[in-house]
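This report concerns only the one structure given below.
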There are 2 protein chains.
Amino acid sequence: MKNMIGIKQASKLSETSPDTIRYYEKVGIIAPIKRDKNGFRQFSERDIRRIKFMRHMRTAGLNISSLLEYANLIQQGDQTKDERVTFLKEQRDQLQKQLTITQSAIDQLNYKIDHYDEHMSDAKHLI
Amino acid sequence: MKNMIGIKQASKLSETSPDTIRYYEKVGIIAPIKRDKNGFRQFSERDIRRIKFMRHMRTAGLNISSLLEYANLIQQGDQTKDERVTFLKEQRDQLQKQLTITQSAIDQLNYKIDHYDEHMSDAKHLI
DNA sequence: ACTTGTATTAGAGTGCACACCAAGGTATAT
DNA sequence: ATATACCTTGGTGTGCACTCTAATACAAGT
């Protein structure tokens with residue numbers, strides 16, 4: 001059959017290992033994937049997008065259980081729109097916080113880099 | 001004795017749990033802490049700064065083994081200055097990369113938040 | 001003398017997010 | 001018929017960074 005995407009291809013397209021894809025399906029952050037007559041997963045483009053999204057959010061630092069909450073809202077249908085948006089905002093705010101922390105760590109590293117000579121013997125800035 | 005800081009106080013000041021402080025000492029990302037006659041750790045302000053720095057870097061996403069490399073350079077003395085600076089730059093660059101990923105995740109969340117209504121039925125943007 | 005508070009150690013346990021493995025099924029090519 | 005390529009499942013293993021537990025010890029307060 002043409003246009004059928006196996007897990008190997010899906011893995012490449014979504015930049016997510018087959019094991020991870022199966023794991024995501026198992027824990028429920030992606031919806032169950034359609035199977036062919038042999039029980040093999042057949043991925044649609046939408047499936048790929050979902051996997052990519054989840055992978056992206058994971059890489060950024062969101063954890064599985066948070067993403068599961070969102071996946072559950074999606075599965076419950078359109079009447080959960082407000083909750084979904086609230087959720088997305090919460091996660092965004094959390095990432096924003098994380099970003100601030102990371103930025104301040106970068107700043108501290110830059111400070112050290114720029115002032116290393118003068119601070120070699122300066123207890124205030126040496127670690 | 002006045003001016004002696006026990007692990008509990010050190011924990012508060014550095015916002016790091018006593019267990020974590022002991023762990024950091026054990027793995028070597030902070031130097032061995034001075035002990036009093038009973039074997040209790042006595043933290044100096046510099047110790048506190050070191051712990052805070054390591055905690056900060058950990059929170060930002062650097063891993064223990066990277067920080068251990070740096071700690072080893074410090075322990076080897078001033079002649080490792082160039083290596084230290086190189087190291088700091090590497091870590092900064094890694095954090096910068098991570099920051100970019102986080103930012104793009106935030107962007108994607110914001111896009112979803114801003115366009116939720118119109119995309120409820122739009123397969124291109126729904127996950 | 002006893003309790004309370006603070007600390008020590010070695011080592012075991014935890015939680016997360018996968019990664020790996022064995023045993024097996026199916027389909028196509030040679 | 002046999003190799004190969006792809007997939008399935010259930011279960012086990014891994015690495016990281018803590019976190020907790022048990023057994024012990026000391027010092028000060030009542």
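Chain naming here is simple, since letters A, B, ... match the order of the sequence lines and numbering starts at 1 in each.
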Checklist entry - What's the CG-P distance between B:Asn63 and D:dC18, to the nearest Å? => result 11 Å
Item to check | Whole-Å gap separating P (C:dT26) and CD1 (A:Ile7) | outcome: 18 Å
Checklist outcome for this item: One would report the end-axis bend of the helix from C:dA1-D:dT30 to C:dT30-D:dA1, five pairs per end and rounded to 10 degrees, as 20°
Checklist entry - When the distance from OH of A:Tyr23 to P of D:dT12 is rounded to whole Å, what number comes out? => result 17 Å
Item to check | Pair A:Leu68-A:Val27, side-chain contact (heavy atoms from CB on, under 4.5 Å): steps then yes or no | outcome: CA-CA 8 Å; A:Leu68 186 54; A:Val27 298; 5.6 Å; no
Checklist entry - Are B:Phe40 and B:Tyr23 joined in one hydrophobic group, where the rule is that I, L, V, M, F, W and Y side chains link up if heavy atoms are under 4.5 Å apart? => result no
Next on the checklist: Both B:Asp19 and B:Gly6 contact DNA chain C. Taking the nearest nucleotide for each, which residue is further toward the 5' end?
Outcome noted: B:Gly6
Checklist entry - Between C:dT8 atom P and B:Ile21 atom CD1, what is the distance in whole Å? => result 10 Å
Item to check | Atom pair CD1 (B:Ile106) and CD (A:Gln94), whose distance is rounded to the nearest 0.5 Å | outcome: 10.0 Å
Checklist entry - Under 4.0 Å between a side-chain N or O of B:Arg35 and OP1 or OP2 of C:dT9? => result yes
Checklist entry - When you measure from the side chain of B:Ile64, which nucleotide among D:dT9, D:dA17, C:dA7 comes out closest? => result D:dA17
Checklist entry - Just checking, any donor-acceptor pair under 3.5 angstrom between side chains of A:Arg55 and A:Tyr24? => result yes
Checklist entry - Within the pair A:Lys26 and D:dT9, is there a side-chain N or O less than 4.0 Å away from OP1 or OP2? => result no
Next on the checklist: With a cut-off of less than 4.0 Å, is there a side-chain N or O of B:Arg58 near OP1 or OP2 of D:dC18?
Outcome noted: yes
Checklist outcome for this item: To the nearest angstrom, the NZ-C1' distance between A:Lys8 and D:dT4 comes to 11 Å
Checklist entry - C:dA17 P sits how many Å from A:Leu68 CG, rounded? => result 11 Å
Next on the checklist: Distance check needed: C:dA17 P versus A:Ile29 CD1, whole Å only.
Outcome noted: 9 Å
Next on the checklist: Counting only side-chain nitrogens and oxygens, does B:Arg55 get under 4.0 Å of the OP1 or OP2 atom of D:dA17?
Outcome noted: no
Next on the checklist: I need the CZ-C1' distance between B:Phe40 and D:dA25, as an integer number of Å.
Outcome noted: 7 Å
Checklist entry - Okay, side chain of A:Glu83, backbone of A:Leu73: is any donor-acceptor separation there less than 3.5 Å? => result no
Item to check | B:Glu25 and its salt bridge (charged side-chain N to carboxylate O under 4.0 Å, His left out) partner, picked from B:Arg35, B:Lys34, B:Arg50 | outcome: B:Arg35
Item to check | Side-chain N,O (A:Ser65) to OP1/OP2 (C:dC16) below 4.0 Å | outcome: no
Next on the checklist: The side chain of A:Ser17 is closest to which nucleotide in this list: C:dA27, D:dC6, C:dA19?
Outcome noted: C:dA19
Next on the checklist: Within the 4.0 Å heavy-atom criterion, would you say A:Arg22 contacts the bases, only the backbone, or no part of the nucleic acid?
Outcome noted: base
Next on the checklist: Below the 4.0 Å mark, does C:dT8 have OP1 or OP2 next to a side-chain nitrogen or oxygen of B:Asn38?
Outcome noted: no
Item to check | Qualifying ring-ring contact (aromatic ring centres under 6.0 Å, His included) pairs, either residue in residues 75-103 of chain A, two or more places apart | outcome: A:Tyr70-A:Phe87
Checklist entry - Just by distance, with hydrogens left out, do A:Asp107 and A:Ser104 show a side-chain donor and acceptor under 3.5 Å apart? => result no
Checklist entry - OP1 or OP2 of C:dA17 less than 4.0 angstrom from a side-chain nitrogen or oxygen of A:Tyr24, does that happen here? => result no
